[in-house]
Structure formats: structure tokens, C-alpha cells
Visitor: 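Quick one: the structure is below, and I'll ask about it shortly.
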Amino acid sequence: MEKYTPQREFADRRLKVSGARTYFYVNEAQCEKNMETFINCIDAVSGFGVDATYGTGFAAIKMTALGRPQLLMQLSETIARTRQYFHKVTGTCGGAVISSDISSDVFKARFNASLVCCFRQEAIGPVDNEAVQKWLDNMTYDKKGLIHLFSWSGLIDTNMLLQDVFRVPNLVTGKMEPLISTLTKEEEEMFKNMMRRLHTIFQYAQERDVRVMVDAEQTYFQPAISRLTMELMKKYNTEKAIVFNTYQCYLKNTYNDLVLDLEQCYRQKFFFGCKLVRGAYMEQERLRAEALGYEDPINPSFDATSEMYHRCLLEALQKIKKNKEDGCPTKIAIMVASHNEDTVRFTIRNMKQFGVQPEDRLICFGQLLGMCDHISLPLGAMLSLRPH
Ligand SMILES: Cc1cc2nc3c(=O)[nH]c(=O)nc-3n(C[C@H](O)[C@H](O)[C@H](O)COP(=O)(O)OP(=O)(O)OC[C@H]3O[C@@H](n4cnc5c(N)ncnc54)[C@H](O)[C@@H]3O)c2cc1C
């Protein structure tokens with residue numbers, strides 16, 4: 001897919017980006033150093049003695065600093081291919097697997113029906129075929145239906161190879177084949193290294209009781225970054241939100257993505273941390289989409305972006321209110337990362353509306369230090385605010 005193919009003219013990811021740091025891949029040793037820097041940041045945020053922050057602090061990381069970014073691109077493409085495969089089998093259109101509400105039994109039935117006759121007539125049908133059966137049994141689902149076609153938690157927790165996880169039966173031959181483009185042994189090793197670094201960071205963050213936001217980056221990396229972050233949430237957000245995912249409200253799909261991620265955390269019973277931003281890569285995203293001929297992923301106007309920001313916020317506030325009523329008030333935490341005065345006012349107004357108090361510590365405000373002091377300082381006096 002063109003969107004997920006590296007492009008020479010966009011190789012400099014700093015193009016028209018001023019508000020975000022870009023990490024270029026040098027080698028694995030540099031990624032190791034970046035990890036150590038993030039660990040030092042966690043230490044600094046955690047503080048000691050009179051400076052201790054006692055679970056109220058935030059650090060931020062970028063996944064592209066922790067491994068070879070091209071792997072995130074390949075993984076993002078695999079996510080897109082997985083959806084295509086799923087829709088081909090089920091006859092549904094668009095959207096993530098979790099949004100389909102299709103049970104694993106229905107999926108299996110439709111899968112059998114979608115195999116072409118020659119495969120079924122050879123009497124090596126999927127039920128008899130060990131590899132296909134194993135694949136069907138390994139899908140992630142609950143009572144409501146399928147959540148993922150693959151075991152993502154298996155991927156981040158074990159030493160499985162990407163090539164072995166992302167395999168599906170070919171609907172014509174019945175043979176298992178990879179959905180991910182071919183990876184060398186070295187690339188598989190690099191991916192494992194990236195997962196190890198992420199685990200090291202989040203284990204440490206959990207020990208030091210520091211919340212860590214995973215920054216959102218370009219849309220050709222973001223499906224992988226977001227999916228991995230959700231799996232890390234599932235692993236580390238068992239008692240409170242330590243891992244925070246970032247939602248870029250300038251993207252057309254963000255509201256839907258947020259709703260589905262909220263649903264996943266509800267169904268898989270983990271705490272949800274989310275940072276809402278408008279987004280830092282708008283011009284570059286538009287230029288790339290136009291140059292490569294895919295749909296512009298950005299909302300058509302600033303107002304549409306603001307409307308989406310506020311809709312996402314309201315969705316999360318509604319869920320917080322419901323959680324409070326259900327006796328689990330701390331399941332969702334939000335970082336409103338914006339310098340926009342209207343958005344800050346909108347948030348404060350709706351916190352009151354939904355009965356969320358500053359002392360609940362469920363909503364935090366984040367601004368870049370020194371960029372917006374006329375908003376940050378009064379907010380700091382009133383609510384929970386951290387220098388960033
Ligand atoms: C603490 C913190 C963390 C951040 N983390 C991330 C991150 O992980 N990933 C990331 O991408 N950004 C991140 N940002 C950057 C953030 O996205 C920018 O600060 C933001 O784009 C500026 O938006 P704003 O809400 O401050 O307000 P404003 O200055 O009011 O909004 C400007 C933004 O609106 C959007 N916009 C402007 N014109 C249009 C248009 N014509 N059509 C559609 N949208 C438009 C763009 O996103 C633009 O940047 C972070 C910012 C902060 C403060």
C-alpha cells in the first residue's frame with residue numbers, strides 16, 4: 001500500500017513540523033540510549049523526598065525513538081491488510097474488527113463459507129487443517145464478539161516472530177500465508193528490541209508511579225503505535241492509568257478510534273489513559289496524501305478539528321460519569337493537551353456539567369512550558385497542571 005511505503009521526498013519527517021521532536025533511526029545502540037533518557041525523565045518526574053510527585057507526574061515518550069520506525073510502518077500496513085481480510089471474509093465494510101460485533105462462531109462460519117470450493121472439496125477443510133484451526137482458536141474475543149484476529153498480547157509478551165503472528169489462511173488455497181511483508185532475521189530482532197525497551201520503560205514507570213504518555217506521530221506509523229500502546233495499557237494499567245495513548249483530533253477517524261479503544265478497555269477491564277491533542281503534522285500529512293494520491297486524513301477545517309476535539313472530550317466525560325455511577329470512578333484519565341483557550345474553557349465548563357471535580361484528578365491540562373503562560377498559570381492555580 002502506497003501510504004505505508006517509505007517515500008524519499010518525505011524521508012525528512014521534520015518537513016513543515018515545528019511543534020514536535022523528530023527522532024531519526026541511527027542504530028540499535030542509539031535506541032538504547034534514547035530508552036535510558038526516557039528512564040531518566042521518569043526519575044526526574046517522580047522526584048525524591050520533598051520533590052516527590054506521588055503518582056501525579058507525567059513523562060512522554062516517542063515510539064519512533066525506541067526502534068526502527070520502518071517496522072512501525074510495516075505493522076501499520078499489516079493492520080490495514082488485516083481489516084481488508086476481515087471484511088472480505090465477513091462481508092462487512094470499513095472499520096476495525098472490534099466494531100463489527102461479530103462473534104467468533106459467526107466469523108468461523110463465514111470463514112468456511114468464503115473458502116472457494118476447490119479447497120473445501122479436497123476434504124482438507126479448515127476444521128481438519130491443524131494450522132487453520134489453531135489460527136481460528138487464537139483469535140481474541142469475548143462474549144460480545146471478536147476483538148482482534150491476532151493475539152496482540154501474545155506478540156508483545158512472548159518471543160513470537162512477527163511473521164509467525166500475522167498469518168492468515170489464503171481463501172483459495174487454504175494455506176497459511178503472511179499478511180506482513182517479508183522481514184529479515186535482523187528486522188525481527190529489531191522489533192523484539194523495541195518491545196523490550198517499551199517494557200523496560202513501563203515497568204519502571206509503574207515502579208516509580210509515573211504516568212507515561214505515548215506521543216502520536218504520522219498517520220503511516222500511528223495505527224501500529226496506537227495498537228501497541230493499547231496492549232501496553234492492558235498489561236500495565238491494571239490498577240491505575242500508567243500508559244496514556246494520544247488521540248490527534250485533526251484526523252477524520254479519531255472519534256471512532258477513541259470510542260473503540262474505550263470499548264476495548266471496558267471489555268478487557270483495564271484502566272484507560274488518553275491524551276487529547278489537535279495534532280502537530282497537519283501540513284506534512286496533507287502534502288504526502290496529495291503527492292501519493294490517498295485520501296487526506298485531516299479534518300477539512302480548523303472548526304471541524306475543534307468540533308472533534310470537543311466531541312472526544314464529551315465522550316470520555318460521559319464515560320467517566322457512568323463509571324462514577326457504577327462505583328469505579330478512576331477507570332478513565334484524560335490529559336487535555338492544548339493551548340487553545342476555548343478548549344480549556346470548554347473542558348472546565350463540562351467538568352462541572354458532568355460532576356468531575358479538579359480533586360478527582362481525572363482530567364489534567366498540559367501545555368508546553370512557556371508557550372501559553374496566560375492560560376497555564378491561572379489553570380495551575382486552579383487545577384492539576386504539569387510543566388511539559
Ligand atoms: C502537552 C502536549 C503534548 C502534545 N503531544 C502531541 C502528540 O503526541 N502528537 C501530536 O501530533 N501533537 C502533540 N501536541 C501538539 C499539539 O498537537 C499542538 O500543540 C497543536 O497542534 C496545537 O493545537 P492547540 O490545541 O494548542 O490549539 P490551536 O493552536 O488553536 O490549534 C492549532 C491546530 O489546529 C489544527 N488545525 C489548524 N488548522 C486546521 C485546518 N485548516 N484543518 C484542520 N485542522 C486544523 C492543527 O492541528 C493545528 O496544529 C502536544 C501538545 C501539548 C501541549
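Just follow the structure's listing: the first ligand is 1, and inside any ligand the first atom is 1.
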Visitor: Using only heavy-atom distances, determine whether the side chains of Y255 and D257 contain a donor-acceptor pair under 3.5 Å.
Guide: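 No, no side-chain donor-acceptor pair sits under 3.5 Å.
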Visitor: Please verify whether a non-hydrogen atom of T343 lies at under 4.0 Å from ligand 1.
Guide: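 The answer is no, since T343 has no heavy atom less than 4.0 Å from ligand 1.
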Visitor: Does Q367, backbone or side chain, put an N or O under 3.5 Å from an N or O of ligand 1?
Guide: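 Among all N and O atoms of Q367, none is under 3.5 Å from an N or O of ligand 1.
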Visitor: Would Y250 count as a polar contact of ligand 1, with the cut-off being nitrogen or oxygen pairs under 3.5 Å?
Guide: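 In fact, backbone or side chain, Y250 has no N or O that close.
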Visitor: Does A216 reach ligand 1 with a nitrogen or oxygen that is under 3.5 Å from one of the ligand's nitrogen or oxygen atoms?
Guide: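 A216 vs ligand 1: N/O contact under 3.5 Å present.
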Visitor: Rounded to the nearest 0.5 Å, what separates atom CG in N170 from atom CZ in R167?
Guide: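 If I round to the nearest 0.5 Å, the distance is 11.5 Å.
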Visitor: Pull out every atom of ligand 1 sitting under 4.0 Å from any heavy atom of K275, numbered as shown with elements.
Guide: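 It comes down to these atoms of ligand 1: 3 (C), 4 (C), 5 (N), 6 (C), 7 (C), 8 (O).
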Visitor: Do you see a donor-acceptor pair shorter than 3.5 Å between the side chains of D43 and Y204?
Guide: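 Looking only at side-chain atoms, Y204 and D43 do form a donor-acceptor pair, the distance falling under 3.5 Å.
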Visitor: Taking non-hydrogen atoms only, is R286 closer than 4.0 angstrom to ligand 1 via side chain, backbone, both or neither?
Guide: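 It is the side chain that gets close, since no backbone atom is under 4.0 Å.
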Visitor: Determine whether the side chain, the backbone, both or neither of R278 has a heavy atom under 4.0 Å from any heavy atom of ligand 1.
Guide: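 The answer is both.
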Visitor: Under 4.0 Å, counting heavy atoms only: does G19 come that close to any atom of ligand 1?
Guide: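 Contact check G19 vs ligand 1: negative.
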Visitor: Side chains of E239 and Y236: any donor to acceptor distance under 3.5 Å?
Guide: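 Side-chain D/A pair, Y236 to E239: absent.
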Visitor: Any atoms of ligand 1 less than 4.0 Å from a non-hydrogen atom of S338? List them with their elements.
Guide: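 Those of ligand 1 that fall under 4.0 Å from S338 are 24 (P), 25 (O), 26 (O).
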Visitor: Could you tell me, atom by atom, which parts of ligand 1 come under 4.0 Å of a heavy atom of G366?
Guide: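 With G366 as reference, the close atoms of ligand 1 come out as 1 (C), 53 (C).
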Visitor: Backbone or side chain, does any N or O of G279 fall under 3.5 Å from an N or O of ligand 1?
Guide: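 For ligand 1, there is an N or O atom that lies under 3.5 Å from one belonging to G279.
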Visitor: For A280, is at least one N or O under 3.5 Å away from an N or O on ligand 1?
Guide: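 For ligand 1, there is an N or O atom that lies under 3.5 Å from one belonging to A280.
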Visitor: Give the atom numbers and elements of ligand 1 that come within less than 4.0 Å of a heavy atom of A337.
Guide: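 Checking each atom against A337, I get 1 (C), 2 (C), 3 (C), 52 (C).
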Visitor: State, without any angle test, whether R278 and T343 hold a side-chain donor-acceptor pair at a distance under 3.5 Å.
Guide: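 Short answer, yes.
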Visitor: Tell me if the centroids of the rings in F272 and Y266 come within less than 6.0 Å of each other.
Guide: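 Ring centres of Y266 and F272 not closer than 6.0 Å.
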Visitor: Taking all heavy atoms of Q222 and all of E217, pick out the closest pair and write down the distance.
Guide: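 Here Q222 and E217 meet closest at OE1-N, 2.7 Å.
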Visitor: Heavy-atom contacts with Y281 under 4.0 Å: which atoms of ligand 1 show up? List them by number with element.
Guide: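 Here the atoms of ligand 1 in question are 11 (O).
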Visitor: Which is closest to atom 27 (O) of ligand 1 by heavy-atom distance: L251, L276, N340, T305?
Guide: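 Checking each option, the heavy atom nearest atom 27 (O) of ligand 1 is found in N340.
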Visitor: Considering only heavy atoms of D215, which atoms of ligand 1 have at least one such atom less than 4.0 Å away?
Guide: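 Listed by number with element, the hits are 8 (O).
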Visitor: Do we see a donor-acceptor contact under 3.5 Å between the side chains of N138 and S151?
Guide: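 No donor-acceptor contact under 3.5 Å links the two side chains.
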Visitor: Applying side chain to side chain contact (heavy atoms under 4.5 Å, CB included) to M335 and C274, what does each step give before you reach the verdict?
Guide: CA-CA 6 Å; M335 154 73 77; C274 99; over 6 Å; no
Visitor: Does ligand 1 have a heavy atom under 4.0 Å from the side chain of Q248, from its backbone, from both, or from neither?
Guide: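 The answer is the side chain of Q248.
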Visitor: For F354, look at atom CZ and say whether over 12 heavy atoms of other residues, nucleotides or ligands are found less than 6.0 Å away.
Guide: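 Correct, the count exceeds 12.
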Visitor: Which atoms of ligand 1 are found less than 4.0 Å from any heavy atom of N299?
Guide: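 Reading through ligand 1 atom by atom, the close ones are 42 (N), 43 (C).
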